[in-house]
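To start, the structure itself, in structure tokens.
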Amino acid sequence: TASSSFVKARSIDFGNAHWTKGFWAERFALCREVMVPTMGRLMTDGERFRYVGNFEVATGAVEGRHRGPKWNDGDFYKWLEAAAAINDPDIEKQLDSLIELIGKAQEADGYIHTDVQIAQREGKETPRFGNPLDFEMYNMGHLITAACVHHRATGKSNLLKLARKSADFLERTFANPTPEIARHGICPSHLMGLVELYRTTREKKYLDLAIKLLNMRDLVTNGDDDNQDRVPFRQQSVAHGHAVRATYLYAGAADIYLETGDRTLLEPLNLVWDDLVAKKLYITGGCGALYDGASPDGIEDQKQITRVHQAFGRDFQLPQSTAHNETCAAIGNLFWNWRMFQITGEARFADLIEHTLFNSVLVGISLDGTAFFYTNTLRQLNPMPVPLRWPRQRQKTMGCFCCPPNVVRTVAEASNYAYARNERGIYVLLYGGSQINTQLADKTPIKISQQTDYPWDGKITFTIESPSAEFSLVLRIPAWAKDVTIGINGKQGEQPRPGTFHEVRRHWNTGDRVELNLPMPARLIEANPYVEESRNQLAVARGPLVYCLESTDLPADVSLLDILLPQSAKFKTQRIDDLLPGMVALETAGFARANSDWSNDLYREAESENLREIDLRLIPYFAWGNRGESEMSVWLPIKR
């Protein structure tokens, strides 16, 4: 957004910030060394669910049929984006050959969608854009986004050339939208992609196309909430329907606002954000509570009610053990909040970016970088109360592989969310050992290094490494942070307020230091009483992290469901190395009921509880499920 017109906090250029040491540097190193190469082998060698193989068949070089879901092309493009973002010379050579293959598969007019192309090659009557659920535009949207990232990361234009060709095809195909073709904007990654293509090429036709495709949704007749097209976008006020499709739509609309300033888009974005955060967001930042829901719920006109897949659910409907919380929905929400932060410069959006990254994105991938969650429960039980579609142990591969490459590209590009800039100086959004080397609009060079053991410790030091200049260092003070202190070259600064950006403006000299201290006591959290599944229960957080109790840390004779947490619980921190080096666990005293058998009872007469005191250890939620099969819970019943 360096040249975007309606931005309060601009993104920095690709590569201007990088992780140096600590938590995020370790995650990025794992992404470069394990996540991207391991997933690359799966993309190239997989047979049951093909990725690269589908492109080879589409060219005619290899015989076969299309394998995997219709959106596999998009999943491959996500991985390609991640591979470009890590900027590894060996991977770059592989990418050049894969881009050449994509070019061979692409039709002369720019169309590319291997599922339809292979069907046509087999002689089947499968028209282009014959079925909205073919995900053609979704796949091309991810191709376009990957091409923009590849161009910025490598300086090459070979993939960008193919992306422009596909975008030009979309421009011709949807030149005169009709209600019949309006539903093809399903899961609209293309909105973000086209706006990014405009930013990359400065060709306004791509922005105009994004606007047209957003407005095209309002032509839909007999739409439904599954695709957010039952109600015209500018009339929407609540988060409804399929959580991935919704958050992609909101992120794309926010992108269009950043370029056009169309305030008719901003009003629904603000209303929907307020609704989501106040009524439908999990404590972990996850969203999309239900595998299947109904919408709009409870209306008189039964004909309007439609099935909604992977849905937000009703207000305050936040089940724990059956929580859906697709990882892609968390990532879509991150994309949306990043853009809302850029629009407003407000800390509430930046807080949610960090919270989502730590708690609902990272949980989607194992600590060794090789296995993934599609859905993210808040309570895992053995046995589970009901059979579920998706497994509650991380999988190395899965039939719908949209989430794994989405996580990998997000980790690969996380440093892009760490900083932003305006005409006065630099915003700091994410805390982690890092360095930013950029310049302001007036060409003032800025180089700052950040040293910290965050999120395990709240002490953060910034060192100015650029020449003397006046500018602002704008520090995010999380809403959870109390009694925060800021020191400048050893002298106490102003007391900042939680939930704000605190601007430190001065004439800086090389070697100046800013010390930010964010105290991190453990916090007991309770839910709104309307969240029925969390009544009389507590969750535990420390700093930006939500914690959970895993059965691996309980005595063998104690069931997870028999644990109670005192409302007056006091926690001590303990460094542990069996999951991640230096990870901070929380330890406290709790209580366990005498193990009881409910196998044949739905109800029974209440009796005085027979409790014994036990030691409890809680670990960060993102780290659960890495020590074999286990039970786990974020929420624990209160012992008053």
Side-chain angles (χ1 to χ4, degrees), residues 17 19-27 283-285 347-348 350-359 362 414-415 417-419 426-436 448-464 473-504 512-525 539-548 569-577 579-588 618-623:
W19 306 115
T20 54
K21 186 178 181 181
F23 181 89
W24 283 114
E26 292 163 4
R27 293 293 91 196
I283 189 173
T284 58
R348 56 180 174 147
D351 275 359
L352 195 48
I353 290 168
E354 178 186 66
H355 190 79
T356 303
L357 267 173
F358 274 120
N359 299 297
L362 285 183
S415 61
Y417 301 108
Y419 299 92
I426 298 295
Y427 287 89
V428 184
L429 282 76
L430 299 182
Y431 296 115
S434 58
Q435 185 181 78
I436 177 172
I448 305 170
S449 65
Q450 181 183 164
Q451 302 87 34
T452 183
D453 192 27
Y454 195 88
W456 315 125
D457 189 287
K459 296 178 181 177
I460 306 154
T461 300
F462 298 91
T463 304
I464 307 300
L473 185 62
V474 188
L475 304 174
R476 181 179 62 87
I477 310 301
W480 51 259
K482 307 295 188 292
D483 302 318
V484 177
T485 61
I486 295 178
I488 303 171
N489 294 332
K491 294 181 180 180
Q492 186 68 34
E494 295 179 2
Q495 180 98 28
R497 290 186 297 110
T500 65
F501 276 103
H502 184 80
E503 182 175 0
V504 182
D512 281 349
R513 292 165 65 87
V514 177
E515 297 90 19
L516 172 65
N517 185 32
L518 304 174
M520 286 187 176
R523 312 186 306 279
L524 292 172
I525 312 293
V540 181
R542 179 178 181 268
L545 302 177
V546 173
Y547 277 69
C548 67
K570 305 297 181 185
F571 294 88
K572 63 179 182 180
T573 59
Q574 179 66 44
R575 295 272 183 169
I576 59 174
D577 294 323
L579 284 164
L580 280 180
M583 175 182 283
V584 171
L586 297 176
E587 297 182 344
T588 191
L618 283 73
I619 64 169
Y621 171 70
F622 75 77

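Everything quoted here is computed from the prediction, not taken from an experiment.
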For residues Glu354 and Tyr454, determine if any side-chain heavy atom of one lies less than 4.5 Å from a side-chain heavy atom of the other. yes
Test item: Leu545 and Met520 side chains (from C-beta on) under 4.5 Å apart, heavy atoms: no
State the CG-OG1 distance between Asn517 and Thr452, to the nearest 0.5 angstrom. 9.5 Å
Kindly write out the residues that satisfy salt bridge (Lys or Arg N to Asp or Glu O under 4.0 Å) with Arg348, not counting sequence neighbours, or none if the list is empty. Asp274, Glu346
Measure the spacing between OG1 of Thr461 and CD of Glu515 and express it to the nearest 0.5 Å. 5.5 Å
What heavy-atom pair brings Thr284 and Asn359 nearest, and what distance separates the two atoms? O-CB, 3.1 Å
Return yes if some donor-acceptor pair links the side-chain N/O of His502 with the main-chain N/O of Leu473 below 3.5 Å, else return no. no
Does Thr588 reach the main-chain N or O of Lys570 with its side chain, forming a donor-acceptor pair under 3.5 Å? yes
Is the shortest heavy-atom distance from the side chain of Leu586 to the side chain of Thr573 under 4.5 Å? yes
Could you give the distance from SG (Cys548) to CG (Leu618), rounded to the nearest 0.5 Å? 7.0 Å
Please report the shortest heavy-atom distance between Tyr547 and Val584, naming the atom on each side. OH-O, 2.8 Å
Pairing residues for Lys21 by the side-chain contact (heavy atoms from CB on, under 4.5 Å) criterion, not counting sequence neighbours: none
When every non-hydrogen atom of Met583 is compared with those of Ala623, the smallest separation belongs to CE-CB, 3.6 Å
Just wondering, do Val504 and Glu494 contact through their side chains at under 4.5 Å, heavy atoms? no
Before you tell me yes or no, could you show the steps for Phe571 and Leu524 under side chain to side chain contact (heavy atoms under 4.5 Å, CB included), namely the whole-Å CA-CA distance, both residues' side-chain angles and the distance that decides it to 0.1 Å? CA-CA 10 Å; Phe571 294 88; Leu524 292 172; 3.8 Å; yes
Verdict with reasoning, Arg476 to Asp351, per salt bridge (charged side-chain N to carboxylate O under 4.0 Å, His left out): CA-CA 8 Å; Arg476 181 179 62 87; Asp351 275 359; 2.7 Å; yes
Under the criterion side chain to side chain contact (heavy atoms under 4.5 Å, CB included), which of Pro544, Pro496, Pro498, Pro478 is the partner of Leu518? Pro478
Could I get the full list of salt bridge (Lys or Arg N to Asp or Glu O under 4.0 Å) partners for Glu26, not counting sequence neighbours? none
Minimal heavy-atom distance between Ala350 and Phe501, with the atoms involved, is CB-CZ, 3.8 Å
Okay, side chain of Arg542, backbone of Trp456: is any donor-acceptor separation there less than 3.5 Å? yes
Non-hydrogen atoms of Val540 and Ala522 that approach each other most closely: CG1-CB, 4.5 Å
For residues Pro620 and Val546, determine if any side-chain heavy atom of one lies less than 4.5 Å from a side-chain heavy atom of the other. no
Any residue meeting side-chain hydrogen bond (donor to acceptor under 3.5 Å, both in side chains) with Tyr419, in chain and number order, not counting sequence neighbours: Ser434, Gln450
Any donor-acceptor pair under 3.5 Å linking the side chain of Arg575 with the backbone of Gly582? yes
Minimum side-chain heavy-atom gap Val514-Ile464 below 4.5 Å: no
State which residue, out of Phe23, Phe622, Tyr431, fulfils the ring-ring contact (aromatic ring centres under 6.0 Å, His included) condition with Phe358. Phe23
Identify the heavy atoms of Ile486 and Leu475 that sit nearest to each other, and give their distance. CD1-CD1, 4.1 Å
Can you tell me how far apart NZ (Lys459) and OG1 (Thr485) are? Round to the nearest 0.5 Å. 9.5 Å
Those residues that, when tested against Asn489, pass side-chain hydrogen bond (donor to acceptor under 3.5 Å, both in side chains) (two or more places apart): Asp512
Flag side-chain contact, heavy atom, 4.5 Å: Thr20 against Ser449: no
Side-chain touch Ile426/Phe462, heavy atoms, less than 4.5 angstrom: no
According to salt bridge (Lys or Arg N to Asp or Glu O under 4.0 Å), who are the partners of Glu587, at least two apart in sequence or on a separate chain? Arg617
